[in-house]
Amino acid sequence: MSTPSTNGAPSLEERLNDPQTSQALHRILDRLDAIEEAVDGLATAVDQAPQAANMVTDMVDDTYRTAEAHGVDLDERLQLALQLTERLTAPETVDTLTRLMNRMDDVDRLIDLADEAPQAANMLVDMFDDTYRAAEASGHDPELVLRRTAEALSEVSAFVGSDEFTALKNSGILDPQAVSVVGKAGDALADCRRECGDEPPQVGMWGLFKALRDPDTRRALGFLTSFGKHFGRKLQS
């Protein structure tokens, strides 16, 4: 006969007779050995905790002293590591690293080019050496050529920055049509030089009248007449 509880809750006998409570107790009894081993292991770990903590502390102290002996400031290194971690985890850094990772093919090509740079530099040096020796063999002084080239570049640079160049650039001499006329004049001078040689023929009054019958000569005179008219107008303005 069960003893009723005084506060309305199930009595101990009633709880022990409950099927669920009975099953739970049986499971505990069946695993009592494993529970005992677990409790023993926990007790051993608790007993050894201070000794393990001291061991870890000794290891940290030894590492710290070894680092100091080698001139390494662990506090400074730790501070730098924290700063580096902060920078690496910053949103803008993460975005940049993400873009780089998405373009790893381009990065790999750049690395390959960097690896090939010394070989390319050696090739350029060899080519320069070959050119230098070829110039010497042909009777030219490479150093003199380089010096004069540098002087010419310096003069050109000074001219480009001068007021005269600005005036030349703003004038009509660089107009495409003017350049074309100057080019044709240069071709005509070269042809005349080849035809006349060092001593051009002398032309008298009769030769001049005879030349006026040539259509090319009349065309040139017409151009000179038109040029004189326009040039005189420019001189007056």
Side-chain angles (χ1 to χ4, degrees), residues 92 95-96 99-100 102-103 105-237:
E92 58 272 15
D95 292 340
T96 302
R99 289 196 299 270
L100 286 176
N102 292 334
R103 302 187 62 183
D105 292 340
D106 296 335
V107 174
D108 290 338
R109 283 194 290 270
L110 288 176
I111 294 175
D112 293 338
L113 289 176
D115 292 337
E116 296 174 357
Q119 182 179 358
N122 292 332
M123 185 181 299
L124 289 176
V125 171
D126 293 339
M127 292 174 60
F128 180 80
D129 290 340
D130 293 340
T131 304
Y132 193 94
R133 286 191 293 269
E136 286 184 330
S138 61
H140 298 288
D141 186 354
E143 294 182 1
L144 179 61
V145 173
L146 289 176
R147 184 168 62 252
R148 290 183 176 176
T149 301
E151 293 174 354
L153 289 176
S154 177
E155 293 177 359
V156 170
S157 176
F159 173 69
V160 169
S162 65
D163 295 337
E164 290 81 358
F165 179 77
T166 301
L168 177 64
K169 183 178 63 174
N170 295 332
S171 68
I173 194 64
L174 297 179
D175 184 271
Q177 293 183 353
V179 172
S180 176
V181 171
V182 173
K184 291 177 180 179
D187 292 337
L189 287 173
D191 293 341
C192 181
R193 177 67 177 181
R194 284 190 294 268
E195 180 180 345
C196 299
D198 295 333
E199 295 184 2
Q202 297 181 3
V203 179
M205 186 64 66
W206 177 251
L208 182 61
F209 282 115
K210 185 178 179 181
L212 290 176
R213 293 186 297 176
D214 181 67
D216 293 332
T217 302
R218 291 200 301 270
R219 188 179 302 109
L221 290 174
F223 178 84
L224 290 175
T225 303
S226 177
F227 172 77
K229 178 180 178 181
H230 290 286
F231 185 54
R233 185 181 303 154
K234 294 294 183 182
L235 290 176
Q236 187 179 5
S237 61

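What you are looking at is a predicted structure, and each value in this text was computed from that prediction instead of being measured.
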Compile the donor-acceptor pairs under 3.5 Å between side chains in residues 181-197 and protein atoms, sequence neighbours left out, one pair per line.
{"unit_1": "Asp191", "atom_1": "OD1", "unit_2": "Arg194", "atom_2": "NH2", "d": "2.2"}
{"unit_1": "Arg193", "atom_1": "NH2", "unit_2": "Asp198", "atom_2": "OD1", "d": "2.6"}

Write down the atom of Ala211, the atom of Thr217, and the distance for their closest heavy-atom approach.
O-CB, 3.3 Å
N/O donor to acceptor pairs below 3.5 angstrom from side-chain atoms of residues 222-231, sequence neighbours left out:
{"unit_1": "Thr225", "atom_1": "OG1", "unit_2": "Leu221", "atom_2": "O", "d": "2.8"}

Heavy-atom pair with the smallest gap, counting every atom of Ala178 and Gly172:
CB-O, 3.3 Å
Taking all non-hydrogen atoms of both residues into account, name the closest pair between Arg213 and Arg218 and its distance.
O-NH1, 2.8 Å
Quick one: pull up OG in Ser180 and CD in Gln177 and give me the separation to the nearest 0.5 Å.
8.0 Å
Taken to the nearest 0.5 Å, the spacing of Leu168 CG from Phe159 CZ works out to 5.0 Å
Interatomic distance, Leu235 atom CG to Arg233 atom CZ [nearest 0.5 angstrom]
11.5 Å
Would you indicate whether Arg148, at its atom CZ, is surrounded by more than 12 heavy atoms from other residues, nucleotides or ligands within a distance under 6.0 Å?
no
